[in-house]
Chemist: 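Before I ask anything, here is the structure I am working with.
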Amino acid sequence: MIHEQSATERLYTVLASIPRAKVVTYGQLAQLAGMPGRARWVGQVLKQLPSDTTLPWFKVINAQGKISFPPGSDAAERQAQKLRDDGVEVSEHLRIDLRQYQLASLS
DNA sequence: CGACTGACCAGAT
DNA sequence: TATCTGGCCAGTC
């Protein structure tokens, strides 16, 4: 039975397939999900994920290489810890080196 | 209907 | 490095 995936489903599929110790930016994830230019849409989708989701939401960071939560917030620290557990170096200022950790195939 | 907001982004200054 | 501008667009009021 052929079934067309919705854009949101494609986003989930792509996100779930990100390798260990790799991250993607909102814009990159939008493009990979077939919604180029829709970085904000990605943010909206992630925001409504259930708190107990198994999707690696923490792998999504902004194009500046930083976690998109206010520095010092619980959310930011949670994401930073998850990333470190995944093998990604996160500085005290919530910065990640995209050159080293961003999923390849897009700049 | 307009105004404002957001887990965003790239280019210009 | 920091700001600003315009682009993107679904929600909310």
Side-chain angles (χ1 to χ4, degrees):
Chain A
M1 169 90 160
I2 308 221
H3 177 252
E4 283 285 317
Q5 270 191 130
S6 68
T8 301
E9 288 171 328
R10 288 196 302 277
L11 188 161
Y12 292 159
T13 300
V14 173
L15 182 53
S17 68
I18 307 298
R20 189 199 73 88
K22 286 292 176 184
V23 301
V24 282
T25 65
Y26 291 87
Q28 183 180 21
L29 182 51
Q31 181 159 1
L32 291 172
M35 301 294 296
R38 302 291 305 284
R40 305 195 81 128
W41 164 73
V42 172
Q44 295 178 67
V45 173
L46 297 186
K47 186 176 186 177
Q48 58 80 49
L49 286 176
S51 55
D52 63 349
T53 182
T54 58
L55 281 173
W57 54 270
F58 55 87
K59 286 175 172 290
V60 188
I61 64 178
N62 64 38
Q64 286 66 55
K66 302 205 304 183
I67 285 174
S68 285
F69 282 118
S73 67
D74 287 353
E77 286 309 318
R78 242 192 336 271
Q79 182 167 7
Q81 189 54 57
K82 286 264 198 187
L83 284 170
R84 291 178 182 124
D85 291 346
D86 194 54
V88 177
E89 280 183 52
V90 183
S91 77
E92 291 178 47
H93 309 301
L94 307 182
R95 211 136 64 67
I96 290 95
D97 182 1
L98 289 179
R99 300 190 125 195
Q100 183 173 0
Y101 297 107
Q102 180 174 30
L103 185 66
S105 94
L106 286 173
S107 95

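Every chain is numbered from 1, with letters handed out A, B, ... down the list of sequences. These numbers come from a predicted model, not from an experiment. As a basis for the values below, the full set of heavy atoms in this structure was taken, side chains included, without hydrogen atoms, waters or symmetry mates.
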Chemist: Return the value, rounded to whole Å, for the distance between atom CG of A:Asp74 and atom C1' of B:dA7.
Modeler: 15 Å
Chemist: Are the side chain of A:Arg95 and the backbone of A:Gly65 linked by a donor-acceptor contact shorter than 3.5 Å?
Modeler: no
Chemist: Once each nucleotide of nucleotides 1-8 of chain C is scored for protein heavy atoms under 4.0 Å, what B/S/- sequence comes out, 5' to 3'?
Modeler: ------BB
Chemist: What is the distance, to the nearest angstrom, from the CZ atom on A:Phe69 to the C1' atom on B:dG6?
Modeler: 12 Å
Chemist: Please report the C-alpha distance between A:Val45 and A:Trp57 in whole Å, then the side-chain angles of each, then the deciding distance to 0.1 Å, and finally whether the side chain to side chain contact (heavy atoms under 4.5 Å, CB included) criterion is met.
Modeler: CA-CA 10 Å; A:Val45 173; A:Trp57 54 270; over 6 Å; no
Chemist: Name the residue from A:Lys82, A:Arg78, A:Gln81 that meets the side-chain contact (heavy atoms from CB on, under 4.5 Å) definition with A:Phe58.
Modeler: A:Lys82
Chemist: Using the P atom in both, what is the distance from B:dA7 to C:dG6, to the nearest Å?
Modeler: 23 Å
Chemist: Of the nucleotides B:dC8, B:dA10, C:dA10, which has the atom closest to the A:Ala63 side chain?
Modeler: B:dA10
Chemist: Applying side chain to side chain contact (heavy atoms under 4.5 Å, CB included), run through A:Met35 and A:Leu29 and close with a yes or a no.
Modeler: CA-CA 8 Å; A:Met35 301 294 296; A:Leu29 182 51; over 6 Å; no
Chemist: Is there a side chain to side chain contact (heavy atoms under 4.5 Å, CB included) between A:Leu98 and A:Ile61? Walk through the geometry before answering.
Modeler: CA-CA 10 Å; A:Leu98 289 179; A:Ile61 64 178; 3.6 Å; yes
Chemist: Whole Å only: how far is the CG atom of A:Leu94 from the P atom of B:dA7?
Modeler: 16 Å
Chemist: In this structure, how many angstroms lie between the C1' atom of C:dC9 and the CH2 atom of A:Trp41, rounded?
Modeler: 12 Å
Chemist: Ignoring hydrogens and angles, tell me if any N or O in the side chain of A:Asp86 forms a donor-acceptor pair with the backbone of A:Val88 under 3.5 Å.
Modeler: no
Chemist: Which of these nucleotides, B:dG6, B:dC8, B:dA7, is closest to any side-chain atom of A:Ala39?
Modeler: B:dC8
Chemist: Mark yes when over 12 heavy atoms from residues, nucleotides or ligands other than A:Arg10 sit less than 6.0 Å from its CZ; otherwise mark no.
Modeler: yes
Chemist: Test: side-chain hydrogen bond (donor to acceptor under 3.5 Å, both in side chains). Region: residues 11-26 of chain A. Which pairs qualify, not counting sequence neighbours?
Modeler: A:Gln5-A:Thr13, A:Tyr12-A:Gln48
Chemist: Does B:dC8 have OP1 or OP2 under 4.0 Å away from a side-chain N or O of A:Thr25?
Modeler: no
Chemist: Check DNA chain B against residues 48-59 of chain A and give the residues with a non-hydrogen atom under 4.0 Å, in numerical order.
Modeler: A:Trp57
Chemist: Just the rounded figure in Å: distance from C1' of B:dA10 to CG of A:Asn62.
Modeler: 13 Å
Chemist: To the nearest Å, give me how far apart CD (A:Gln31) and P (B:dC8) are.
Modeler: 18 Å
Chemist: Please test A:Val14 against A:Val24 for side chain to side chain contact (heavy atoms under 4.5 Å, CB included), starting from the C-alpha separation and ending with a verdict.
Modeler: CA-CA 10 Å; A:Val14 173; A:Val24 282; over 6 Å; no
Chemist: CZ of A:Arg78 versus C1' of B:dA7: gap in Å, rounded?
Modeler: 12 Å
Chemist: Whole angstrom is fine here: how far is it from CD in A:Gln64 over to C1' in B:dA10?
Modeler: 9 Å
